[in-house]
> 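I am attaching a structure below and will ask some questions about it afterwards.
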Protein chains: 2
Amino acid sequence: MGQETDRVLAEVSTDVVIFTMREDRLCVLLVRRARDPFAGCWSLPGGMVGLDEALDAAARRMLASKTGVTGVYLEQLFTFGGIARDPRGRVISVAYYALVPPDRMPSVRVAPDVAWHDVWKLPTLAFDHADIIAMARQRLAAKLEYSTIALQLMPEKFTLSDLQTVYEHILGEPLDKRNFRKRLHSLGCLEPTGEHHRAGRHRPARLFRMKSPGRVEFIK
Amino acid sequence: MGQETDRVLAEVSTDVVIFTMREDRLCVLLVRRARDPFAGCWSLPGGMVGLDEALDAAARRMLASKTGVTGVYLEQLFTFGGIARDPRGRVISVAYYALVPPDRMPSVRVAPDVAWHDVWKLPTLAFDHADIIAMARQRLAAKLEYSTIALQLMPEKFTLSDLQTVYEHILGEPLDKRNFRKRLHSLGCLEPTGEHHRAGRHRPARLFRMKSPGRVEFIK
DNA sequence: TCAAAAGTGTTATTGGTACACCCATGC
DNA sequence: GCATGGGTGTACCAATAACACTTTTGA
């Protein structure tokens, strides 16, 4: 921008890695491509950024068009600008990732060309979308260590075991139950609802909720 | 990218926050703008991305054109895409930051419209460049805590006091000398050159160098 | 009464922080 | 000999990691 040159125009798109928890698995929303290139392949939801549209607004638009969801956690991830990443020509993609609580997902909307995939068992992906998802998962895992971001993947009410499962599945390793509970309680951002959740022939679990839903705090 | 829409073309630029240490101060390279908008204002070096040029290649080109430096640490920072950030029209900027060791800077090259500015005492800046520099400084400060990135700002040989000064100036707070030295020695990425640096009427300081120059390690 | 998950504390280790004096040199 | 920055170790505190049993329920 500092020095003027010939004006070079490029296509700018956003791709959004939409995460949610389904059946104790971290899942990503993928769209099956109808046409070439990569026809039949799965890809991230994405599209061109409008001329009068901010980047994050474009990302939220992609999110809403595939899921109907608004107002969830969204963060810019990275901008992918390799010269050959789209065989049709130069396309620069500003990637975002979003965290959708499972109770915010309209359960029905299962278009045949849109599906959730376990982030650890992805199909072959179009473009460089496998790289984008890998980076998003790493970023999410890193943020578990120093923020309360995982709570953005929880429904309004949840048990501590549910939450531990989320941590374990994102990190890919088991955690000690007592240390985990001690740590979460000491954050002071959860409160018991007073209700209990019965889930089989064993002791019911206490339900918790966030004190400030939507707020992501940094710790340490 | 997933769904096809009308092709919207935008201008894509990169702006590069070029850091170096000069006289024990963390400095940023700024360019004085010759023309409107913001004529006379200081701004980051930057320019349009070529159609066949990767984003990081464009950033390295900006860096080389202002400083002549190649092969230094460069990292993508964030993509700024607000709709009104450039009054001439829609311009999306992929910001990078670079770390230049002071002995890599050709000392003379002081064009009248290019100058180093203390990062804590910046002039009024064009566009949203103040935001970009602030974010770069924060990112650098955060990385001091969990990586060896600060060594990328050091000349080939340096004293531990020099290095401590770098940390202190980036973080904006004094550090304990013994704790600092203990920590850096325990990283095991420095080795003494055997030489000493005489700098006044006091004990000469031991000179160190990196065992693997250019390598940035993550710690903890 | 049994199986299955919920819930709960203590101890050991580690890493971080605070802190004060002697050393080598140039003037 | 004195002023100046270089160089070193220890004691305390806090955070983390390891670890096992009791409780409540449904079948």
Side-chain angles (χ1 to χ4, degrees), chain A residues 21 23-24 141-148 150 154-155 157-169 171-209 217-220, chain B residues 21 23-24 141-148 150 154-155 157-169 171-209 217-220:
Chain A
M21 293 297 297
E23 294 155 11
D24 291 345
K143 289 217 166 188
L144 288 194
E145 311 281 350
Y146 63 90
S147 78
T148 60
M154 303 309 290
K157 300 171 183 178
F158 53 88
T159 70
L160 289 179
S161 296
D162 291 342
L163 185 55
Q164 186 173 342
T165 302
V166 171
Y167 273 77
E168 290 176 332
H169 196 257
L171 294 173
E173 66 184 14
L175 299 175
D176 180 85
K177 200 205 299 194
R178 283 172 290 189
N179 291 338
F180 179 78
R181 292 162 105 95
K182 197 190 316 172
R183 178 175 153 203
L184 272 252
H185 280 133
S186 76
L187 292 180
C189 56
L190 296 183
E191 60 185 8
T193 65
E195 300 162 89
H196 291 262
H197 177 69
R198 297 184 141 70
R201 51 173 175 161
H202 56 81
R203 181 171 175 175
R206 298 206 295 168
L207 285 168
F208 290 82
R209 75 164 71 85
E217 312 219 24
F218 294 86
I219 51 196
K220 266 198 307 184
Chain B
M21 293 297 297
E23 294 155 11
D24 290 345
K143 290 217 167 188
L144 287 194
E145 310 282 349
Y146 63 90
S147 79
T148 60
M154 303 308 291
K157 299 172 183 179
F158 52 88
T159 69
L160 289 180
S161 295
D162 290 342
L163 185 55
Q164 184 172 345
T165 302
V166 171
Y167 272 77
E168 289 176 333
H169 196 256
L171 294 172
E173 65 184 15
L175 299 175
D176 179 86
K177 199 205 301 191
R178 281 172 290 188
N179 292 339
F180 179 80
R181 294 163 104 94
K182 195 193 316 173
R183 178 176 152 202
L184 278 214
H185 280 133
S186 74
L187 293 180
C189 57
L190 296 183
E191 59 185 9
T193 65
E195 301 162 89
H196 292 262
H197 177 69
R198 297 184 142 71
R201 50 171 176 162
H202 56 81
R203 181 173 176 173
R206 299 205 295 167
L207 285 168
F208 290 83
R209 75 164 71 85
E217 312 220 24
F218 293 85
I219 50 194
K220 265 197 306 185

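Order of the sequence lines sets the chain letters (A, B, ...), proteins ahead of strands, with each chain counted from 1. Computed from a predicted structure; not experimentally measured.
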> Figure out the NE2/P separation between B:H185 and D:dG9, and round it to whole Å.
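Checked: the NE2 to P distance equals 11 Å.
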> What is the distance from atom CZ of A:F158 to atom OG1 of A:T165, rounded to the nearest 0.5 Å?
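Separation between the atoms: 12.0 Å.
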> Over how many whole Å does the gap from B:D176 atom CG to D:dG5 atom P extend?
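Atom CG in B:D176 sits about 18 Å away from atom P in D:dG5.
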> Would one find more than 12 heavy atoms of other residues, nucleotides or ligands at under 6.0 Å from atom NE2 of B:H197?
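Check fails, neighbour count at 12 or below.
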> Can you check each nucleotide of nucleotides 20-27 of chain D against protein heavy atoms at under 4.0 Å and return B for base, S for sugar-phosphate only, - for none, in 5' to 3' order?
B--BBBBS
> Looking only at the side chains, is there a donor atom on one of B:D162 and B:T159 sitting less than 3.5 Å from an acceptor on the other?
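Per modelled atom types, B:D162 and B:T159 side chains form a pair under 3.5 Å.
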> Let me know the distance between CD1 of A:I219 and P of D:dA15, rounded to the nearest Å.
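Going from CD1 in A:I219 over to P in D:dA15 covers 13 Å.
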> Does CD in A:E191 sit with more than 12 non-hydrogen atoms of other residues, nucleotides or ligands closer than 6.0 Å?
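Correct, the count exceeds 12.
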> Atom CZ of B:R181 and atom P of D:dG9: how far apart are they, to the nearest Å?
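Going from CZ in B:R181 over to P in D:dG9 covers 12 Å.
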> When we call it a touch if two heavy atoms are under 4.0 Å apart, what does A:T159 touch: a base, just sugar-phosphate, or nothing?
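No contact.
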> Could you go through the side chain to side chain contact (heavy atoms under 4.5 Å, CB included) check for B:L171 and B:E145 one step at a time?
CA-CA 10 Å; B:L171 294 172; B:E145 310 282 349; 3.8 Å; yes
> Between D:dA18 atom C1' and A:F180 atom CZ, what is the distance in whole Å?
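Taking atom C1' of D:dA18 as the reference, CZ of A:F180 is at 17 Å.
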> Measure up the B:F218 and B:Y146 rings against each other and bin them: parallel (under 30°), tilted (30 to 60°), perpendicular (over 60°).
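Taking B:Y146 first and then B:F218, their aromatic rings lie parallel (interplane angle under 30°).
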> Given atom NZ of A:K220 and atom P of D:dA14, what is their separation to the nearest angstrom?
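Result: 16 Å.
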> Using whole Å, what does the distance between atom P of nucleotide D:dT8 and atom NZ of B:K182 come to?
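Rounded to whole Å, this separation is 13 Å.
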> With rounding to the nearest 0.5 angstrom, report the CD to CG distance, B:Q164 to B:L175.
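Going from CD on B:Q164 over to CG on B:L175, the span is 5.5 Å.
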> Where does the chain A footprint on DNA chain C start and end, counting 5' to 3' with a 4.0 Å heavy-atom cut-off?
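Span of nucleotides near chain A: C:dA3 to C:dT10.
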> I need the CG-C1' distance between B:N179 and D:dC13, as an integer number of Å.
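Distance, rounded to whole Å: 13 Å.
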> First locate atom CZ of A:F208, then atom CG of A:L160, and finally report the distance between them rounded to the nearest 0.5 Å.
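Answer rounded to 0.5 Å: 4.5 Å.
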> Sequence neighbours excluded, which residues qualify as side chain to side chain donor-acceptor pair (under 3.5 Å) partners of B:T193?
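B:T193: side chain to side chain donor-acceptor pair (under 3.5 Å) contacts with B:E195.
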